[in-house]
Amino acid sequence: MPELPEVETVRRSLIPALVSRSITGVTLRDFPGVIGSMDFGAFAVLVQDRRIEDIRRRGKYLLIDFDDGSGLIVHLRMTGSLMTSPAEAAPIRFEHIAFWLDDGNSLRFADQRKFGRIEFRPPENRAPLEGKLGPEPLTSSFTSAYLSRALAKRTAPIKAMILDQRIIAGVGNIYADEALFRSRIHPLTPAGQLSQQKIASLVRSIKTVLRSGIENRGTTFSSYRDGNGEAGTNQESLRVYGRGRRGEPCPRCGQALVTLVAGGRTSHVCLRCQPPPNAAEAPTP
DNA sequence: TGTTATGTTGCCAT
DNA sequence: TATGGCAACATAAC
């Protein structure tokens, strides 16, 4: 669920409540692994009395910066959530750790499936993501020239390439399907076979669907919520994701959408608008 | 009631 | 190096 637009929405919704606040304490609930391999006692000492200076995002990671150069690095994976609440509020469902703030509020991290992590990073180790993540798709560094170079000679399906965080940071299954549909590209097309025009179109589509996702405060299918516990509305704007399974009509040509597996992930496609590789070009309606 | 799928990523085998 | 499969986990839907 939490892809770039969702993580960005969480970031924006947390800033008013967290920036300039100091952490007065931290409570671990039932799952020590939520902070990674670090001992909780050591973790608690390190975050104690730290003041939050800023909250940033890189790909699907959230970076909470402290006043001494250290910080927290958060990944929500499939079902993680971060939200604020009054300190006296009861633990939320699947809550694993709570941070107590100097204004009577708190920050809770919950995760049904326990894949998500909220790890401490010392000042000298604040860039563990560089080298592992590709460019931010909503910045000027993500261009068709860049993507063309990255995909050259690659034989893997384009869907797998879009989901590879080393090539583009932050795109997940939902926005990948939406972008491929908009650009009329079949997800199994070998990445290196895409024309320059298709690559340029794909770059535009990725930027468009991500911006739309942010404007609509994220896509909520089941568990995603922002830092205030509010659901997003972008699910109402999706054209194909989730519709293939029910065979709903393509919003462009009306043919029934289908699902297939590409890059190891369920993909929702219109086989007329997104012709399979080696098939004839679809008739332009 | 059992089986299958779920928005992510890292590890492992080929 | 590039690619593909699968596990980590809990729950909902079929």
Side-chain angles (χ1 to χ4, degrees), chain A residues 1-10 29-37 57-62 73-82 92-96 109-119 128-129 131-134 149-180 187-193 209-210 212-214 216-226 231-238 240-247 258-268 277:
Chain A
M1 116 201 333
E3 305 181 27
L4 187 154
E6 288 73 35
V7 178
E8 178 63 20
T9 300
V10 170
R29 302 294 182 195
D30 59 334
F31 176 51
V34 69
I35 58 170
S37 54
R57 180 191 56 74
R58 181 75 174 91
K60 300 173 192 172
Y61 291 85
L62 214 50
I73 182 164
V74 185
H75 199 299
L76 303 173
R77 290 289 190 112
M78 304 275 273
T79 51
S81 67
L82 265 182
I92 57 181
R93 198 156 180 224
F94 308 118
E95 182 173 308
H96 300 314
F109 180 83
D111 185 7
Q112 175 194 132
R113 290 176 72 179
K114 299 184 179 175
F115 293 160
R117 295 291 182 268
I118 179 161
E119 300 186 21
L129 304 176
K132 298 176 60 178
L133 294 179
R149 248 179 292 123
L151 300 182
K153 296 176 186 165
R154 301 293 294 261
T155 60
I158 182 59
K159 173 86 180 264
M161 297 294 92
I162 294 175
L163 295 176
D164 187 333
Q165 303 298 296
R166 296 168 298 185
I167 294 180
I168 311 168
V171 181
N173 204 32
I174 294 175
Y175 296 96
D177 277 4
E178 294 296 310
L180 288 168
L188 288 177
T189 308
Q193 288 183 16
V209 298
L210 294 177
S212 161
I214 292 171
N216 293 323
R217 301 181 56 78
T219 300
T220 295
F221 269 113
S222 53
S223 60
Y224 166 72
R225 296 292 186 279
D226 73 7
T233 62
N234 193 242
Q235 59 279 6
E236 298 163 17
S237 299
L238 299 179
V240 291
Y241 182 86
R243 300 179 183 274
R245 188 131 9 234
R246 300 185 194 289
V258 301
T259 63
L260 54 84
V261 175
R265 313 293 299 283
T266 297
S267 306
H268 304 72

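Proteins get letters first, then strands, A, B, ... in listed order; numbering begins at 1 in each.
Rounded to whole angstrom, the span from the CE atom of Met161(A) across to the P atom of dG4(C) amounts to 8 Å. One atom, CG of Leu133(A), and another, P of dT8(B), lie 14 Å apart when rounded to the nearest Å. The CD-P distance, from Gln235(A) to dT6(B), rounds to 18 Å in whole Å.
Taking Gln235(A) as the reference, nothing meets the side chain to side chain donor-acceptor pair (under 3.5 Å) condition, with sequence neighbours excluded. Legend: residues meeting side chain to side chain donor-acceptor pair (under 3.5 Å) with Glu119(A), ordered by chain and number and at least two apart, are Arg121(A). In terms of the side chain to side chain donor-acceptor pair (under 3.5 Å) criterion, residue partners of Glu95(A) (sequence neighbours excluded) are, by chain and number, Arg29(A), Arg108(A). Applying the side chain to side chain contact (heavy atoms under 4.5 Å, CB included) rule to Thr189(A) yields the partners Ile158(A), Ile185(A), His186(A), Leu194(A), Pro277(A); only residues at least two apart in sequence or on another chain are considered.
Straight-line distance between the P atoms of dC12(B) and dC9(C): roughly 16 Å, to the nearest whole Å.
In this structure, of dG4(C), dT3(C), dT9(B), it is dT9(B) that holds the atom nearest to the side chain of Lys60(A). Taking every side-chain heavy atom of Arg245(A) into account, dA5(B) is the closest of dT8(B), dA5(B), dG10(B).
With values rounded to the nearest 0.5 angstrom, Phe221(A) atom CZ is found 5.0 Å from Leu238(A) atom CG.
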Once Watson-Crick and G-U wobble pairs under 3.5 Å are found, how is DNA chain C written in dot-bracket notation, 5' to 3', with | for any base paired to another strand?
.|||||||.|||||
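Applying the salt bridge (Lys or Arg N to Asp or Glu O under 4.0 Å) test to residues at least two apart or on different chains, the pairs with a partner in residues 161-173 of chain A are Asp164(A)-Arg166(A). For the side chain to side chain donor-acceptor pair (under 3.5 Å) condition, the pairs that include at least one residue of residues 109-118 of chain A, sequence neighbours left out, are Thr79(A)-Asp111(A). For the salt bridge (Lys or Arg N to Asp or Glu O under 4.0 Å) condition, the pairs that include at least one residue of residues 150-163 of chain A, sequence neighbours left out, are Lys159(A)-Asp177(A).
Note on His75(A): a side-chain N or O is less than 4.0 Å away from OP1 or OP2 of dT9(B). Side-chain nitrogen and oxygen atoms of Lys132(A) include at least one within less than 4.0 Å of the OP1 or OP2 phosphate oxygen of dG10(B).
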What string of B, S and - do you get for nucleotides 9-14 of chain C, 5' to 3', when a contact is any protein heavy atom under 4.0 Å?
BBS---
